[in-house]
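Have a look at the structure below, then the notes.
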Protein chains: 2
Amino acid sequence: MILDSETKAAELPEDHGEELRLWLRLLTCTTLIEGEVRRRLRERFGVTMPRFDLMAQLDKVPGGMTLSDVSKRMMVSNGNVTGLVERLMESGHIDRRTSETDRRVQVIRLTRLGRADFRRMAAEHKAWIADIFADLADKDVRDLMRLLAKTKASARRARTTPLPPA
Amino acid sequence: MILDSETKAAELPEDHGEELRLWLRLLTCTTLIEGEVRRRLRERFGVTMPRFDLMAQLDKVPGGMTLSDVSKRMMVSNGNVTGLVERLMESGHIDRRTSETDRRVQVIRLTRLGRADFRRMAAEHKAWIADIFADLADKDVRDLMRLLAKTKASARRARTTPLPPA
DNA sequence: GCGAATTATTTTATATATAAAATAATCCCC
DNA sequence: GGGGATTATTTTATATATAAAATAATTCGC
């Protein structure tokens with residue numbers, strides 16, 4: 001192999017193929033699990049994943065959340081939340097009220113029906129997830145938690161620190 | 001703690017909270033990275049992620065792929081592929097022909113333009129991914145590859161083996 | 001070779017998603 | 001306290017996604 005005279009051994013390959021393969025595998029895993037969970041939610045409860053996810057956010061906070069909070073927590077656009085909220089209102093799973101201190105702000109909450117439906121679904125959902133990950137040892141789960149935390153931190157860093165031009 | 005007389009110590013907690021947390025973290029990681037990559041693809045090249053992904057599939061096979069193959073590889077519905085292909089035809093990035101041996105089958109390929117555009121994008125894309133994962137050590141990447149392979153296998157097993165009723 | 005089952009793709013209806021612009025209300029600061 | 005910046009949400013236009021039904025072509029058993 002003939003090397004450019006500027007090239008140092010330490011910074012040699014710069015291939016980055018491994019990171020790309022890792023990203024593709026991560027994406028495949030998530031897509032696979034997401035598809036399975038979506039399918040079960042639809043077949044078992046006739047609910048979509050975004051509806052379930054939004055209800056899951058609301059279940060954590062009895063007082064309700066603003067649409068902006070939901071948007072940030074779910075990492076989706078504001079407009080997306082607007083539509084989801086409309087449909088969950090129609091089906092009677094959430095209610096909304098305008099904040100008394102800031103009339104721009106809409107606070108949404110689970111209704112009694114919404115909470116009951118969600119809790120019922122969440123219990124089964126948890127069992128599905130446990131089953132999906134059942135072939136991992138406890139240590140595997142711990143290791144994955146740690147490595148994904150590191151990945152998350154690295155991705156956040158990359159998001160805010162622009163890449164220097166090549 | 002008072003135990004039901006049927007409950008054995010070995011099968012005690014059955015909490016499954018760890019698996020759920022792992023799934024949420026996995027989903028967060030993927031969403032975070034996906035969002036960042038999508039943003040860069042749009043800002044830098046004015047292309048969407050599904051278009052990029054479809055082109056990536058086609059770049060791997062010079063002879064082209066059938067729509068069904070694309071659908072399976074990308075893990076999306078057939079109808080989704082139909083729409084994507086229409087738009088990529090319009091922009092001149094792919095062409096399509098009907099198989100001579102089976103007139104049901106449509107084979108799509110990158111055009112010269114499609115291949116050139118994709119290669120140019122893919123090079124930068126790879127650098128973005130490398131940057132996003134840059135804070136992981138080589139060993140972390142290897143460990144993640146191994147653990148995600150195991151996760152993938154476990155998820156596939158769960159997909160085909162129905163959960164026994166609780 | 002005929003017809004039933006299968007396979008590949010498209011169509012339909014609808015839900016989810018985004019980005020960007022518009023709207024509306026509050027904040028902030030001089 | 002008035003006006004510009006900011007913030008929260010909605011609207012608009014479009015792309016992506018699904019599931020399910022429809023269409024069209026092939027295969028397979030007999």
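Just so it is clear: chains get the letters A, B, ... in the order the sequence lines come, proteins before strands, and each one is counted from 1.
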>> Quick test of your reading of the model: are B/Arg115 and B/Asp59 salt-bridged, counting only N-O distances below 4.0 Å?
In response: yes
> A/Leu41 CG to C/dT16 C1': how many Å, rounded?
Replying inline: 15 Å
>> Tell me whether A/Asp131 is salt-bridged to B/Arg157, with the criterion being a basic N under 4.0 Å from an acidic carboxylate O.
In response: yes
> For the helix from C/dG1-D/dC30 to C/dC30-D/dG1, what angle lies between the axis at the first five pairs and the axis at the last five pairs, to 10 degrees?
Replying inline: 30°
> Hey, which of these two, B/Met75 or B/Arg104, hits DNA chain D nearer its 5' end, going by closest nucleotide?
Replying inline: B/Met75
> Counting any heavy atom closer than 4.0 Å, what does A/Thr82 reach on the DNA or RNA strands: base, sugar-phosphate only, or nothing?
Replying inline: base
>> Output the rounded distance in Å from CG (B/Leu67) to C1' (D/dA25).
In response: 15 Å
>> At 4.0 Å (heavy atoms only), tell me whether A/Ser77 reaches a base, stays on the sugar-phosphate, or touches nothing.
In response: base
>> Taking any heavy-atom pair under 4.0 Å as a contact, classify A/Met74: base, sugar-phosphate, or nothing.
In response: nothing
> Over how many whole Å does the gap from A/Arg103 atom CZ to C/dA25 atom P extend?
Replying inline: 6 Å
> Within the pair A/Asn80 and C/dT16, is there a side-chain N or O less than 4.0 Å away from OP1 or OP2?
Replying inline: no
>> Please give me every residue in residues 43-59 of chain B whose heavy atoms get under 4.0 Å of an atom in DNA chain D, ordered by residue number.
In response: B/Thr48, B/Pro50, B/Arg51
> So what does A/Arg39 hit on the nucleic acid, given a heavy-atom distance under 4.0 Å: a base, only sugar-phosphate, or nothing?
Replying inline: nothing
> What is the nucleic acid contact for B/Thr66, judged by heavy atoms within less than 4.0 Å: base, sugar-phosphate only, or nothing?
Replying inline: sugar-phosphate
> Among residues 83-92 of chain B, which contact DNA chain D at a heavy-atom distance under 4.0 Å?
Replying inline: B/Leu84, B/Arg87
> Distance only, no hydrogens: is a donor on one side chain within 3.5 Å (strictly under) of an acceptor on the other, for A/Ser68 and A/Thr66?
Replying inline: no
>> How many whole angstroms separate atom CD of A/Gln106 from atom P of D/dT11?
In response: 11 Å
>> Using a 3.5 Å distance criterion without hydrogens, assess whether the side chain of B/Thr111 forms a donor-acceptor pair with backbone atoms of B/Asp95.
In response: no
>> What I want to find out is whether B/Glu36 reaches B/Arg39 closely enough, with some N-O distance under 4.0 Å, to be called a salt bridge.
In response: yes
> Side chains of A/Leu22 and B/Leu136: closer than 4.5 Å at any heavy-atom pair?
Replying inline: yes
> Would you call B/Arg51 and B/Phe118 a side-chain contact if the rule is heavy atoms closer than 4.5 Å?
Replying inline: no
